[in-house]
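Values below: every heavy atom of this structure, side chains too, minus hydrogens, waters and symmetry copies. Just so it is clear, the model here is predicted, and its values are computed rather than measured.
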Amino acid sequence: MSSATPWADSVGGVSSAIENLGRETRLFEPTPEFAAQANVGPEVFEQAADPVAFWERQAARLEWAEPWHTPHTWQPARTGEDGGLSIPRAEWFAGGRLNAAVNCVDRHVAAGGGDRVALHFEGEPGDRESITYADLQHRVARAANALTALGIGKGDRVVVYLPVIPETVVITLAIARVGAIHSLVFGGFSAEALRFRVEDTGAKLLVTSDGQFRRGAAVPVKAQADAAVAGDNAVEHVLVVRRTGALTPDIPWTPGRDVWWHDVVDTAPSTHEPEFFDAETPLFIIYTSGTTGRPKGVVHTTGGYLTQASWSHWALFDAKPDDVYWCTADLAWVTAHTYVLYGPLSNGATSVIYEGTPNTPSTGRHFEIIERYGVTTYYTAPTLIRTFMSWFPEGLAAAGDWDLSTIRLLGTVGEAINPEVWVWFREQLGSGRAPVVDTWWQSESGAAIVAPLPGVTALKPGSATLAVPGVTVRVVDERGEDVPRGAGGSIVIDGTWPAMSRTVWGDPERYRDSYWRAFADRGYFLAGDGAAVDDDGYLWLLGRLDDVINVSGHRLSTIEIESALVAHPAVAEAAVVGVGDTTTGQAVAAFVIPAGGGEGVPEAAVLREQVARAIGAIAKPRHVVVVDDLPKTRSGKIMRRLLVDLFDGRPLGDTTSLQDETVPSRIAAALARR
């Protein structure tokens, strides 16, 4: 490893490209011990030179009832004689038939793995349960039989509005088992957000609970679910899990429509004969966060998605039979679809799922769970890591005696990770030796697109490194031309990949226009994020293109400025936005959370100079606002548009995806005190 100050040196000039002002020279090579035992070696890139053949080999890792006859077809968006742009259409493994639930459960039992633990569940109140693959098979079979009895079959949509509990995993797999389409909704969303998803999917069934545990309290939920299905929709039944029981006694009930889980699922037969479905059968609909505009219901199909989910979990997380794997994502987030449900379970892994928040009842809850189950792989969001840094400014060893020695691999997802946060994560949770697999991908991509191979790739703090084998990624300017090394632009995916979304539910034109129209002449998928390429070809994510700040003609990345701020020891977390300025067009506004509970907050001038030294004077924040929290979705993304609205005093619009809806009012109060 070489040492140098990250994020130094400024690059001048005015361009339509995003300026890449940061420099990171620290390098962490895989240890010889890790490389020797890694699932994937450097030869994989040569093996993936023919992507279709490569993905065919990975598809063979699954169990197919019938083989595919056509590995891949692609009809890109093309301009017709009338000047209109066609709808792109992809297929992977057409003609092949499989069942996702069989691949995730039954085949492991048939192979003798029924006694292996599939899930260690920890509830927020402290209740615990370990579920073997054999037990999971019986539970999924019961749920599948119950779904059939409720009239759910192939192609029907089922909306699942549950917390992170075993029943959520069970019903999701059961929906897939009968060929229906699931759409999971975060249990903290409002009735209106749920209503939109119920109506947009045309769901016949809603699965919910009587209540949920949130931050140490039992909170009623059923009334919100009822409000969401009131009115004109296709819902025939509401299936209710008893989670909080007597703690939330006033449960509204509609006889004939509402049914208890324990009445119809727990009493159903524990065996179920599966049907097998074509690889292009829709598996699930997942909605984009909806931070701007109407949420999009992105559709993923079965064969290609499961192929890439399974292989990428095995390769990127170096999954071993004796691993205990924990991805902390809420089950409604795409990360959990791929790297809690379908990826790990298709590989026969043992996973941890935790219902609650990381500071209930104490800030060490995650570390207690790691110690209790001997977690070896811990995959979480940079937002949570930054929160840990604010809770434990002196480091974990000074705060508790948790045994984290079992951890051998770490992962991050959700937003670009600041370099100093990356180093803290590796040192504090990974004992300074565990590789950090920083992954970049989206709901639309279905699986990780840019990520290191832990036994192969030399790591740079803050960089997601390189595209995974079998996928081609570029960073391009507005004309679609590759930007030079050291420059920034739009990150695009060149061509297709098995886990790619196939359409937007009910709106194929929006799918075409959102993702393919911008670079239709080149066949590039526009992800909507900015990125830069360094001198070694490593990719650096620069945030959403909508979050780029234009200061006097300089297009600056919010991520780079935030990284410079977080590098100050008194700053635990920062969010940067562009606000209107009559002189420069936009000015940088920084919202910072102080480390250590607010002691020793540096003055604004100190933080401005911190940014000037690390990046350059052009990036200095005009405004610095000290806050106690930032508006984040449950998946860990910072909703920067809300910060702009708060700064300008505009109505906030949709805040349903926030994990804590009290944060905006607290930020408004901080702004008023300035």
Side-chain angles (χ1 to χ4, degrees), residues 123-125 150 157-165 167-168 171-172 175 182-262 264-265 285-291 294-295 297 330-333 336 355-357 360 631-635 639 652-665:
E124 189 180 90
L150 292 172
R157 279 79 66 200
V158 179
V159 170
V160 179
Y161 183 58
L162 288 172
V164 180
I165 55 177
E167 288 85 351
T168 313
I171 198 65
T172 301
I175 294 164
H182 58 75
S183 186
L184 274 61
V185 179
F186 168 50
F189 273 10
S190 68
E192 282 306 308
L194 178 60
R195 180 198 299 272
F196 172 81
R197 289 152 175 80
V198 166
E199 293 179 354
D200 195 60
T201 59
K204 288 177 64 176
L205 174 67
L206 172 66
V207 187
T208 189
S209 58
D210 55 351
Q212 300 177 7
F213 291 101
R214 295 183 194 160
R215 296 181 174 83
V219 180
V221 170
K222 179 60 165 52
Q224 287 178 265
D226 283 1
V229 298
D232 186 17
N233 57 64
V235 171
E236 297 175 356
H237 290 97
V238 177
L239 177 60
V240 186
V241 176
R242 180 175 285 163
R243 175 60 185 146
T244 50
L247 297 176
T248 55
D250 299 322
I251 303 301
W253 202 258
T254 302
R257 183 197 70 182
D258 298 349
V259 290
W260 282 111
W261 178 285
H262 54 267
V264 299
V265 176
I285 303 167
I286 187 161
Y287 283 83
T288 56
S289 62
T291 53
R294 182 173 179 265
D330 186 273
L331 293 176
W333 191 23
E355 176 185 31
T357 51
T360 303
K632 302 164 189 167
T633 67
R634 184 64 175 84
S635 64
M639 295 182 70
L652 298 186
D654 180 25
T655 61
T656 56
S657 58
L658 285 177
Q659 66 176 345
D660 184 350
E661 293 197 30
T662 69
V663 170
S665 62

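Formation of a donor-acceptor pair under 3.5 Å by the E124 side chain with backbone atoms of G216 is found in this model.
Side-chain contact between P295 and R197 is present, with heavy atoms from C-beta onward closer than 4.5 Å. Inter-residue side-chain proximity for L194 and L206 is flagged as met; some heavy-atom pair is nearer than 4.5 Å. With contacts defined as side-chain heavy-atom distances shorter than 4.5 Å, the pair W261/I171 qualifies.
Closest approach of D258 and P252 over heavy atoms only: OD2-O, 4.1 Å. The shortest non-hydrogen separation linking N233 to A230 is ND2-O, 3.9 Å. The two residues A228 and A191 make their nearest non-hydrogen contact at CB-O, 3.5 Å. Closest of all the heavy-atom pairs between G187 and Y161 is O-OH, 3.6 Å. Residues A203 and V159 approach most closely at CB-CG2, 3.7 Å, considering heavy atoms. Residues A218 and L247 share a closest heavy-atom pair of CB-CB, 3.7 Å.
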Which atom pairs, donor and acceptor, lie under 3.5 Å between side-chain atoms of residues 236-246 and protein residues at least two apart or in another chain?
| from | atom 1 | to | atom 2 | distance (Å) |
| --- | --- | --- | --- | --- |
| R243 | NE | E355 | OE2 | 3.1 |
| R243 | NH1 | D127 | OD2 | 2.9 |
| R243 | NH2 | D127 | OD1 | 3.4 |
| R243 | NH2 | D127 | OD2 | 3.2 |
| R243 | NH2 | E355 | OE1 | 2.6 |
| T244 | OG1 | D210 | OD1 | 3.3 |
| T244 | OG1 | G211 | N | 3.4 |
| T244 | OG1 | T248 | OG1 | 2.5 |

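Partners of W253 under the ring-ring contact (aromatic ring centres under 6.0 Å, His included) rule, at least two apart in sequence or in another chain, are W260. By the ring-ring contact (aromatic ring centres under 6.0 Å, His included) test, F196 is found to be paired with Y287, residues two or more places apart in sequence or in another chain being considered.
Distance check: H182 NE2 to I285 CD1 gives 10.0 Å after rounding to the nearest 0.5 Å. Put simply, OG1 on T254 and NZ on K222 are 5.5 Å apart, with the number rounded to the nearest 0.5 Å. Annotation: the span from W333 atom CH2 to L184 atom CG amounts to 14.5 Å, rounded to 0.5 Å.
Just one residue in the list L162, V164, T172 forms a side-chain contact (heavy atoms from CB on, under 4.5 Å) with L331, and that residue is V164.
A salt bridge links D226 with R257; the closest basic N to acidic carboxylate O contact falls under 4.0 Å.
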Going through the checks in order, is the side chain to side chain contact (heavy atoms under 4.5 Å, CB included) test met by V221 and R214? CA-CA 11 Å; V221 170; R214 295 183 194 160; 4.2 Å; yes

Q) Yes or no on side chain to side chain contact (heavy atoms under 4.5 Å, CB included) for D660 and R215, after CA distance, side-chain angles and deciding distance? A) CA-CA 11 Å; D660 184 350; R215 296 181 174 83; 4.0 Å; yes

